[in-house]
Amino acid sequence: VWSCCGCFCIFHLVCIQKWAKDSLFLVSSPLTDDDFGKKDYPWPCPKCRFEYKRSETPSRYYCYCGKVENPPLDPWLVPHSCGQICEREFKPPCGHKCLLLCHPGPCPPCPKMVTTTCHCKKAKPVPRRCSAKEWSCHLPCGRLLLCGQHTCENPCHAGNCQPCPRVSKQRCICGRQTAERLCASPQWQCDQVCGKALPCGNHTCEQVCHAGPCGDCPRSGKRSCPCGKSKFTLPCTEDVPTCGDSCDKVLECGIHKCSQRCHRGPCEICRQEVEKQCRCGKHTKRMPCHKPYLCETKCTKIRDCQKHQCRRKCCSGNCPPCDQVCGRTLGCRNHKCPSGCHRGSCNPCPETVDVKCNCGKTVIKVPCGRERTIKPPKCKQLCSRPPTCHHPTQEKHYCHFGRCPPCRQSCQKTLVCGHLCPVPCHDEALVKQTGLHQSAGPWEQPSEPAFIQTALPCPPCQVPVPVECLGQHEVSPLPCHSAGPYSCKRPCGRLLNCQNHTCMKECHHVTKINGSADGKKAGPECLQCEEECTKPRPPGCSHRCVLPCHPGDCPSCLQMLKIKCHCKLSVLYIECLKLTSADLKEKDLLTSCKNQCPKELPCGHRCKEICHSGCCPLNCNQKVKLRCPCKRLKKEVQCSKIQEGQVSLECDALCKEMKRKASEIKEAEAKAAIEEEKRRQQAELEAFENRLKGRRKNKRRKDEVEIEQSSWQKYKNLIMLPVFGVAVVMIAWLMVYND
């Protein structure tokens, strides 16, 4: 294969070689024998018409990158690829090479990252892709223009600055005339001849408006005669004479020389008679040298078309291509082959055809014959056809063939309601026709549906209109064609006459009474309240209101409450209103039975206060008898003082003496009891020892052991009787004394 370097289209190598040969033959066919083969005519690419020289005709098979000749087949590589790194230079050249593997088509943009500044070199360098390294900072360029006076005012740009657009008065090169000209072209020539005197003083400068010195006189110095053999030094006012020698300049024939004497002007034609051979080499003749000699013999060779004889007079043997026109119809089917008669198939049609868009402003050139299969170019011009609907102008769209697309502008016709129709234009809607043809039977194939283009009526207005519901709860946007009173399905919510509840009926129409504009007041269509009064009662009142649900405050509660007093002994009957409206002090008075409090104080006496709430006071004023520790002395004091420990009664000397005697008696009784216990234990021990000594035979017999009585057992009755008598007397005396 061979790949074009312009469009990168791939052709078979044999095909492109034949194409190049045929193209060169087609171009060179109308040439004469003298021009044939002398000029290097190019041949074009079959697709993009990129021209190649004759020497660039491909003769060998290379890979895409051109490194390997006849690349081997590798199933893991792209066909016709060598698999090596491409290394072709990027276009435009940037110094880097393509790093992809050998590939078809153009190389991608250079991916290298380089640090470059803008075109005007004012911005800081930034890293950019090498393929997009040229960038503009959009600041004024500021470079000095070629006029040397002004600076470039264009934004930062690539390349040289544009010529200075300003106008200034400038002199011509010779300085004689002044004119207003662009600063970009400061040097200009006027139409006046210089006319300055030359250094010889005899002639003037004949140059037109030049700069610098005029130079020496062109007729000064050594000058040659017309034949160039002799030189003379003469004043500039005299002409150079002829030398009188023969001219000897080579004539146009290139063989003979001029035999005239030195003369001015061109030499004559060569008039010498020579023996000339004709072009075919069959005849000779003497004739003037300047005349060509062609015999009358016609060539009988067959030309390269292999159809016609040469039939040219005095042919040199190098017969030119057949001069007859081929005339066969080319592959494009539009033209006939214009080349000379030739062998084989005709060359492709070299003509190009313009393929235009509908408006004719966009044109592309394609090879002749391909205009039937190629798509028309996409035109960027707007379609200029008049609209077919009621709109004054059609929607902007690009140039096209066939019918314009359906108008997608909003209809904007005025509807009955006054709004504008917002739907897309429907003047040319496609409507399916039905019922036009009835089939003769089930064997008849159904025909395709037919569509007609007709104008449809505007649909119902869908513009949202704010509409309030019947109960004035909300304002909802409804389509204009269906706008009207509606129920929002919410509870009515209007305040009933009881001023406590709202209407629970579904959203409904309410008639305004007496022109009332209050939207929260119930109307005659609303429900009537049948609930009981549920207003909160005063604190402490647990009775329900006797009235049904009513506006305003509830009446006073006259119910009698049955409650116990503070002491919980009496039952009181009090009106609920008095109890709930009383303060704490009044409540204590109302709930008191006015009797003495029955509660006992910590000291054991009864509370002296009237029935009261809370704890009883601790300052008991009851008179109590205070006795000494031995209970012989007594004294009356307040109970509260005893509880507080402020008063105490100590025993006197008599009390102490009596206490001492009583203690002595107790000590004696204790000692006697101890001794008695010891004797009893001793007797039990002796009895136990006697039983162990062998009185086993008489077990049933009861041991009788005489226990000797102690002195205390003998005389205790005599001692205790007087003591008890004395004690009884003392106790009786103390009781009498305390009372």
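Remember, it's a predicted structure, so these values are computed and weren't measured experimentally. Sequential numbering from 1 along the given sequence is applied to the chain's residues.
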Can you tell me if [atom1] on [X] sees more than 12 non-hydrogen neighbours from other groups inside 6.0 Å?
X    : atom1 : answer
Q309 : CD    : yes
R385 : CZ    : yes
R171 : CZ    : no
N160 : CG    : no
E206 : CD    : no
D191 : CG    : no
K47  : NZ    : no
Q189 : CD    : yes

Examine distances only and state if a side-chain atom of [X] and a backbone atom of [Y] form a donor-acceptor pair shorter than 3.5 Å.
X    : Y    : result
E273 : R286 : no
T57  : R54  : yes
K285 : C278 : no
W43  : K53  : yes
R303 : R311 : no
K91  : C107 : no
R370 : V353 : no
E87  : C65  : no
K336 : C326 : no
T242 : H263 : no

Do you know which two heavy atoms are closest between [X] and [Y], and how far apart they sit?
X    : Y    : result
V68  : Q84  : CG2-NE2, 3.7 Å
H150 : C164 : ND1-SG, 3.5 Å
C337 : V325 : O-CG1, 3.5 Å
C225 : K229 : SG-N, 3.6 Å
K133 : C94  : NZ-CB, 4.1 Å

Geometric class of the H397/H400 ring pair [parallel <30°, tilted 30-60°, perpendicular >60°]: tilted
side-chain hydrogen bond (donor to acceptor under 3.5 Å, both in side chains): pairs with one or both residues in residues 106-128, sequence neighbours excluded: H119-E134
Rounded distance [0.5 Å steps], [atom1] in [X] versus [atom2] in [Y]:
X    : Y    : atom1 : atom2 : answer
F11  : K18  : CZ    : NZ    : 14.0 Å
Q17  : S59  : CD    : OG    : 7.0 Å
D248 : S259 : CG    : OG    : 9.0 Å
Y62  : C82  : OH    : SG    : 12.5 Å
Q170 : E180 : CD    : CD    : 10.0 Å
C247 : K257 : SG    : NZ    : 10.5 Å

From W2, Y61, Y64, residue fulfilling side-chain hydrogen bond (donor to acceptor under 3.5 Å, both in side chains) relative to H80: Y61
Stacked cation flag K380 on Y398, 6.0 angstrom / 45 deg: yes
Distance-only side-chain donor-acceptor flag, E351 / N334, under 3.5 Å: no
Check ion pair D245-R261 (N to O, under 4.0 angstrom): no
Steps toward side chain to side chain contact (heavy atoms under 4.5 Å, CB included) verdict (C152, H157): CA-CA 10 Å; C152 180; H157 60 87; 3.5 Å; yes
Test side chain to side chain contact (heavy atoms under 4.5 Å, CB included) applied to C130 and H96, step by step: CA-CA 9 Å; C130 182; H96 302 123; 3.3 Å; yes
